[in-house]
Amino acid sequence: MDSPSVLLIGPYDPHCGEFTFLAPPLGVWRLAGVLEAAGVKTKVFDPNCCREPPQRALERELRSGAWSIVGVSTTGMTLRFDLELAHIVRRVTPEAFIVAGGMEATFRPELMFELGPFDLIVLGEGERPLLDLVNRLRAGQPPGGIVGTAERDKDGKLIRIPQRALSREELRDAIYSTPYHKMPYSAYWERLESAYRIGALPSKAAREAHLAEIRSVRLITLNYCPMGCSFCSATNFLHEAQGSVASVARLEADECLTMIERIVAAHPGARTIIFQDDIFAFTRDRRILPLCDGIVAAKQSGRIPPHMQFISTNRIDAMTEERVTAMKRAGFRVLGFGIENFSPRVLAEFNKAQIHRHIEPVLSTALDVGVTPFLDLILSSPHSTLEDVAQTLREAYRWLRRGCEIGMYPYVIPFSGAALARDPNLLPHTHHARRQVTGTGISWLQPVKILPTDPDVAEAILRMERSFEAMLGPLERQFAHLPSRLRSLLWILSSLPIMAEHDHYIADFNEVRAELYARLPARRPAAPIAAATA
Ligand code: B12
Ligand code: SF4
């Protein structure tokens with residue numbers, strides 16, 4: 001083979017739109033940049049951004065391109081759809097060498113071979129293994145034994161060949177190679193603007209606020225987060241691929257500025273840069289203050305537009321008044337915090353007990369400084385009591401009213417690779433759903449919920465979920481995109497009668513409903529909102 005060409009397919013979510021894939025898939029774009037820099041013809045196929053059904057668009061791409069290697073990116077949430085595309089690749093181009101990579105492939109290589117038509121699975125970061133594969137095919141060598149892959153021997157037994165994580169310099173070079181100028185951010189913005197019905201918003205201020213939210217570009221400057229939360233899979237991703245504990249690596253302040261300038265040049269319409277790092281500032285962080293000073297200076301000298309804003313996700317125990325103030329000055333308008341729960345007991349179960357004492361002071365400081373905190377919450381853990389759930393609901397409502405944004409999830413989702421998903425004691429409390437791969441006879445049982453082990457708590461959480469969904473459906477049909485704060489108020493509303501039955505008072509029903517109405521895009525829904533108690 002002279003020069004293999006590579007088609008990379010991003011994770012596919014047919015229900016995408018406002019809530020899921022809001023941006024081009026960073027992982028495969030970074031890989032494409034690295035391969036192209038090495039002289040390999042590479043193209044990204046993004047199934048979430050097609051003008052026609054992605055299955056048809058993919059077939060067309062496969063027939064026109066003569067792709068010798070096709071890479072399929074996988075996540076747990078999208079696996080059944082990713083597999084559907086992989087099977088199309090095998091049917092249309094039986095001779096192509098098909099590789100699976102990404103989160104789910106790394107944690108479940110044996111499942112990939114079982115369900116998909118793959119020749120090879122890449123474990124962890126795809127840069128080195130893909131370059132090695134291309135070089136071998138170029139040289140006419142067999143593709144076996146590549147470091148950072150899993151393959152099957154002739155008896156079908158899985159063989160894993162671990163790879164060490166990218167070093168700081170390798171990571172920097174890979175991030176620098178990301179071809180932002182080719183990434184179709186404006187196509188995503190157009191779709192989101194119509195989903196939010198921006199043109200129909202009543203005031204210029206409201207339109208501007210939404211545009212700042214939508215016209216964003218994502219930048220990742222860190223390889224992984226070492227916090228080790230028990231429900232998180234990302235924290236274990238590089239360890240899984242390396243077979244041992246991987247080192248943390250990230251860009252320095254001046255390298256972040258270089259990337260910001262490149263993004264601005266590639267997408268002059270961008271209003272916000274979202275630092276997509278799992279955590280942006282560490283407790284003993286030496287980057288955050290120089291970076292903020294650098295951004296202020298770059299804005300003053302015209303290297304970065306003065307209106308450019310930033311969003312990042314942060315460790316709450318790494319935030320001080322000095323840091324929050326510096327971030328505000330640099331243009332950070334939203335700071336995300338993985339609070340997860342307000343009960344110290346549940347936080348201990350999530351392996352993040354140390355954050356509890358920082359919640360109140362840091363959120364208050366951020367609000368005082370004029371930065372909006374965005375809190376991610378998980379209402380229940382496997383060992384939650386009803387009092388824990390009540391405490392989180394009450395605190396969530398209090399912080400919402402003080403001006404925080406909140407994203408709420410009812411229970412732990414057992415993502416492959418997370419400590420809780422591996423705990424055999426939780427298996428009896430784990431719900432599975434049968435997943436079907438369209439166009440094939442293939443199906444499997446995927447874990448989807450870890451419910452509280454206390455049956456009363458589990459039942460209350462499931463009833464809240466049903467009530468939430470019953471209220472959400474009609475609202476979504478009537479209004480445009482419902483942002484997280486509205487969905488969180490709906491969660492709180494749906495919990496009130498159920499928690500009241502268990503003698504837990506959360507808030508006044510009419511007051512919560514009034515808060516919800518006040519935040520709806522139009523004044524009142526067609527029919528009054530009522531929480532189902534079934
Ligand atoms: C950015 C991000 C998003 C963004 C944008 C996604 C996008 N379009 O890029 C948004 C906000 C939209 C998003 C949404 C969601 N996300 Co998200 N997200 C992330 C995050 C923080 C970073 C992903 C990223 O860009 N990484 C950087 C790139 C460079 O790494 P990468 O994608 O892993 O790619 C590398 C390797 O995996 C590999 N690779 C990847 N693909 C391929 C393909 C081939 C062929 C090869 C060889 C290699 C390879 O090589 C790449 C380069 O080294 C991750 C956490 C994390 N640290 O990864 C969570 C994460 C992926 N998200 C997650 C979740 C749960 C969600 C949501 C469901 C959240 C929610 N509850 O609503 C939604 C829904 C997504 C969906 N429909 O499935 C989970 C997925 C868990 C799982 N095991 O499936 C993660 C892992 C966080 C976590 N642990 O909980 N997310
Ligand atoms: S802080 Fe976030 S990314 Fe880090 S381990 Fe916890 S959940 Fe995962």
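The figures that follow rest on heavy atoms only: side chains count, while hydrogens, waters and symmetry mates do not. Every number for a ligand or one of its atoms is a count from 1 in the order of the listing.
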Report summary line: The answer for which part of Ile220 has a heavy atom under 4.0 Å from ligand 1 is side chain

Requested in this report: Please could you name the atoms of ligand 2 that Gly228 approaches to less than 4.0 Å, counting only its heavy atoms?
Outcome: 5 (S)

Query raised in the report: If you measure from the Lys or Arg side-chain nitrogens to the Asp or Glu carboxylate oxygens, is any gap between Glu36 and Arg30 under 4.0 Å?
Result: no

Report task. Please indicate whether any nitrogen or oxygen in Leu31 is less than 3.5 Å from any nitrogen or oxygen in ligand 1. Result -> no

**Report entry** Geometric class of the Phe275/Phe332 ring pair [parallel <30°, tilted 30-60°, perpendicular >60°]
**Finding:** parallel

Requested in this report: Would you indicate which of Gly126, Ala418, Ser484, Gly76 comes nearest to atom 84 (O) of ligand 1 when only heavy atoms are counted?
Outcome: Gly76

Query raised in the report: Between Arg30 and ligand 1, which residue portion shows a heavy-atom distance shorter than 4.0 Å: side chain, backbone, both, or neither?
Result: side chain

Query - With Leu123, the side chain to side chain contact (heavy atoms under 4.5 Å, CB included) member among Pro129, Pro109, Pro162 - result: Pro109

Requested in this report: Would you mind running through ligand 2 and noting each atom that sits below 4.0 Å from a heavy atom of Cys225?
Outcome: 1 (S), 3 (S), 4 (Fe), 5 (S)

Requested in this report: Report yes if Asp278 has an N/O atom closer than 3.5 Å to an N/O atom of ligand 1; otherwise report no.
Outcome: yes

Query raised in the report: How far is atom 8 (Fe) of ligand 2 from its nearest protein heavy atom, and which residue and atom name does that atom have?
Result: Cys232 SG, 2.4 Å

Report task. Say whether Ala234 and ligand 2 are in contact under the criterion: heavy-atom distance to a ligand atom below 4.0 Å. Result -> no

Report task. Provide the closest heavy-atom pair for Asn236 versus Ala418 in the form atom of the first, atom of the second, distance. Result -> ND2-CA, 4.2 Å

Query raised in the report: For ligand 1, which atoms sit closer than 4.0 Å to a heavy atom of Pro24?
Result: 7 (C), 8 (N), 9 (O)

Query raised in the report: Counting heavy atoms only, which of Ser73, Pro14, Gly407 is nearest atom 42 (C) of ligand 1?
Result: Ser73

Query raised in the report: Has Arg262 got its NZ or CZ under 6.0 Å from the middle of the six-membered ring of Tyr176, at an angle within 45 degrees of the ring axis?
Result: yes

Query - atom 6 (Fe) of ligand 2 [closest protein heavy-atom partner, distance rounded to 0.1 Å] - result: Cys229 SG, 2.3 Å

Query raised in the report: Considering only heavy atoms, does Pro25 approach ligand 1 within less than 4.0 Å through its side chain, its backbone, both, or neither?
Result: backbone

Query - Atoms in ligand 2 with a heavy atom of Thr235 nearer than 4.0 Å - result: 5 (S)

Report task. For Phe231, take its heavy atoms, then give the atoms of ligand 2 lying under 4.0 Å from any of them. Result -> 7 (S)

Query raised in the report: So is Phe415 polar-close to ligand 1, meaning N/O to N/O under 3.5 Å?
Result: no

Report task. Please identify which atoms of ligand 1 are closer than 4.0 Å to at least one heavy atom of Met103. Result -> 58 (O), 86 (C)

**Report entry** Interfacing atoms of ligand 1 (cut-off 4.0 Å, heavy-atom, Asp13)
**Finding:** 77 (N)

Requested in this report: Heavy atoms only: give me the nearest Leu347-Ile339 pair and the separation to one decimal.
Outcome: CD2-O, 3.3 Å

Query raised in the report: Does a donor on one side chain sit under 3.5 Å from an acceptor on the other, for Glu104 and Ser416?
Result: yes

Requested in this report: Taking only heavy atoms of Tyr409 into account, list the atoms of ligand 1 that are under 4.0 Å away from them.
Outcome: 70 (C), 71 (N), 72 (O)

**Report entry** NZ/NE/NH1/NH2 to OD/OE distance under 4.0 Å, Arg250 and Asp285
**Finding:** yes

Query raised in the report: At the 4.0 Å heavy-atom cut-off, does Phe231 count as touching ligand 1?
Result: no

Requested in this report: Please confirm whether Phe350 comes under 4.0 Å of ligand 2, counting heavy atoms of the residue only.
Outcome: no

Query raised in the report: Counting only heavy atoms, which portion of Phe107 has something under 4.0 Å from ligand 1: side chain, backbone, both, or neither?
Result: neither

Query raised in the report: Which ligand 1 atoms are under 4.0 Å away from a heavy-atom of Met77?
Result: 68 (C), 78 (O), 84 (O)

Query raised in the report: Does some side-chain heavy atom of Phe97 sit less than 4.5 Å from a side-chain heavy atom of Leu133?
Result: yes

Query - Electrostatic pair Arg164:Glu125 at N-O distance under 4.0 angstrom - result: no

Query raised in the report: Between His267 and Trp189, what is the ring plane arrangement, given parallel below 30°, perpendicular above 60°, and tilted in between?
Result: perpendicular

Query raised in the report: Out of curiosity, is Pro11 lining ligand 1, as in a heavy atom under 4.0 Å away?
Result: no

Query - Numbered atoms and elements of ligand 1 in range of Gln276, under 4.0 angstrom, heavy atoms - result: 1 (C), 21 (C)

Query raised in the report: Can you tell which part of His15 has a heavy atom less than 4.0 Å from ligand 1: side chain, backbone, both or neither?
Result: neither

Query raised in the report: Would you say Arg128 and Gln163 make side-chain contact, with heavy atoms under 4.5 Å?
Result: yes

Report task. Please determine if Glu127 has a nitrogen or oxygen closer than 3.5 Å to a nitrogen or oxygen of ligand 1. Result -> yes

Requested in this report: Give a yes or no on whether a salt bridge exists between Asp388 and Arg345, defined as a side-chain N under 4.0 angstrom from a carboxylate O.
Outcome: yes

Query - Numbering as shown, the atoms of ligand 2 that approach Asp278 to under 4.0 Å (heavy-atom distance) - result: 3 (S)

**Report entry** Atom indices of ligand 1 within 4.0 angstrom of Val122 heavy atoms, with elements
**Finding:** 47 (C)

Requested in this report: Please determine which of Trp491, Tyr409, Tyr411 meets the side chain to side chain donor-acceptor pair (under 3.5 Å) test together with Glu465.
Outcome: Tyr411

Query raised in the report: Do Glu170 and Ser167 meet the criterion of a side-chain donor-acceptor pair at a distance under 3.5 Å?
Result: yes

**Report entry** Pair Arg287, Thr221: side-chain N/O donor-acceptor within cut-off below 3.5 Å
**Finding:** yes

**Report entry** Residue Gly71 vicinity, atoms of ligand 1 by number, heavy atom under 4.0 Å
**Finding:** 45 (C)

Query raised in the report: Would Glu151 and Arg160 pass as an ion pair if we require N to O under 4.0 Å?
Result: no

